[in-house]
Amino acid sequence: MNSPHPETLELAADLRGAIGELVRALRPDDTLPQNQAGVLGLLVRDDRAYTVAELAALQRVRHQSMARTVALLTEAGLVTQQPHTTDRRKLLVTATGAGRAALYEQRARREARIAEAIEARLTPDERETLRGAVALLRRLP
């Protein structure tokens, strides 16, 4: 496989930096820590239960770290843990209604902040350019 062209590498670095700046700018308004929001996001997006081991693998963290995150989410009432249907040694983690609401509220706050910045800082033509860029970004993964 050939290495990417230097100009493409520079564009990739600029894009990574811009996305990083945007994400960091949004975090101060977050009420859920990133690790907890990530777990809730998986549970809500996939609309299924996971074991702690599965969540740890998906989030690429150690089992012990995920167990602590799940415990904090459980204490806050954002997830529940039920015995596994076939292996009673395991617990299945699912998002609660409160967990879904907390995730949706955090997303809504982030989206509102981005929308305010778009309206305040971008011209109508730039907004259309951004709309096209979003479509391109969705093709990258």
Side-chain angles (χ1 to χ4, degrees), residues 1-123 125-141:
M1 178 183 230
N2 293 334
S3 296
H5 191 274
E7 288 180 10
T8 306
L9 287 171
E10 184 178 340
L11 175 59
D14 289 346
L15 177 60
R16 182 203 47 77
I19 290 171
E21 289 172 20
L22 178 62
V23 169
R24 284 187 295 278
L26 296 172
R27 281 188 182 150
D29 294 337
D30 288 352
T31 55
L32 291 168
Q34 183 57 38
N35 60 339
Q36 293 179 24
V39 170
L40 280 174
L42 275 172
L43 294 170
V44 169
R45 181 192 70 217
D46 296 349
D47 197 28
R48 59 161 282 204
Y50 283 106
T51 66
V52 170
E54 290 170 328
L55 289 169
L58 288 167
Q59 294 290 89
R60 296 183 175 138
V61 299
R62 292 177 36 204
H63 186 279
Q64 183 178 0
S65 297
M66 184 55 66
R68 178 72 182 137
T69 298
V70 169
L72 291 170
L73 287 166
T74 302
E75 289 170 20
L78 303 178
V79 301
T80 60
Q81 298 182 66
Q82 303 289 329
H84 194 283
T85 54
T86 59
D87 186 345
R88 294 291 181 185
R89 297 170 295 174
K90 297 178 182 178
L91 293 173
L92 291 172
V93 181
T94 56
T96 64
R100 288 176 187 277
L103 179 69
Y104 294 147
E105 287 169 13
Q106 182 158 296
R107 287 178 179 173
R109 277 191 303 277
R110 282 181 165 204
E111 290 165 5
R113 186 149 181 219
I114 293 168
E116 289 167 6
I118 289 170
E119 288 180 350
R121 298 182 185 133
L122 301 182
T123 66
D125 286 345
E126 289 171 327
R127 291 177 198 173
E128 283 308 307
T129 300
L130 182 59
R131 186 177 309 283
V134 169
L136 292 175
L137 287 170
R138 290 188 186 281
R139 290 177 31 202
L140 292 180

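Both backbone and side-chain heavy atoms feed into the values below; hydrogens, waters and symmetry mates do not.
- For the pair Val39 and Tyr50, the minimum side-chain heavy-atom distance is 4.5 Å or more.
- Inter-residue side-chain proximity for Arg109 and Thr31 is flagged as met; some heavy-atom pair is nearer than 4.5 Å.
- Here Leu15 contributes atom CG and Thr8 contributes atom OG1; the two are 12.0 Å apart, rounded to the nearest 0.5 Å.
- Between Leu43 and Leu55 there is a side-chain heavy-atom pair separated by less than 4.5 Å.
- One finds no salt bridge joining Glu116 and Arg113 here, because no Lys/Arg side-chain nitrogen approaches an Asp/Glu carboxylate oxygen to under 4.0 Å.
- With Gln106 contributing its side chain and Leu32 its backbone, the two residues share a donor-acceptor pair below 3.5 Å.
- In terms of heavy-atom proximity, Ala95 sits nearest to Leu40 at CB-CD2, 4.2 Å.
- Distance check, rounded to the nearest 0.5 Å: CD of Glu126 to CZ of Arg131 gives 14.0 Å.
- In terms of heavy atoms, Pro28 sits closest to Ala25 at CD-O, 3.3 Å.
- We find the CZ-OG1 distance between Arg100 and Thr94 to be 8.5 Å, quoted to the nearest 0.5 Å.
- In this structure, CG on Leu130 lies 11.0 Å from CG on Leu136, to the nearest 0.5 angstrom.
- Using a 4.0 Å cut-off between a side-chain N of Lys or Arg and a carboxylate O of Asp or Glu, Glu54 and Arg48 qualify as a salt bridge.
- Closest of all the heavy-atom pairs between Arg68 and Glu75 is NH1-OE2, 4.3 Å.
- Contact detail for Leu9 and Pro4: the closest heavy-atom pair is CD1-O, 3.8 Å.
- Taking CG of Leu92 as the start and NE2 of His84 as the end, the distance is 4.5 Å to the nearest 0.5 Å.
- The structure places CZ of Arg24 at 11.0 Å from CD1 of Ile19, a figure rounded to the nearest 0.5 Å.
- Applying the 6.0 Å contact sphere to CD of Glu10 captures no more than 12 heavy atoms from other residues, nucleotides or ligands.
- Counting heavy atoms from C-beta outward, Thr51 and Val93 have side chains that stay 4.5 Å or more apart.
- Using a 4.5 Å heavy-atom cutoff, the side chains of Asn35 and Gln59 are not in contact.
- Remark: Asp30 engages Arg110 in a salt bridge, criterion side-chain N to carboxylate O under 4.0 Å.
- The minimum heavy-atom distance linking Gly77 with Ala98 is given by the pair O-CB, 3.8 Å.
- In Glu7, the CD atom is not crowded: 12 or fewer heavy atoms of neighbouring residues, nucleotides or ligands sit closer than 6.0 Å.
- Between Val52 and Leu91, the closest side-chain pair of non-hydrogen atoms is not below 4.5 Å.
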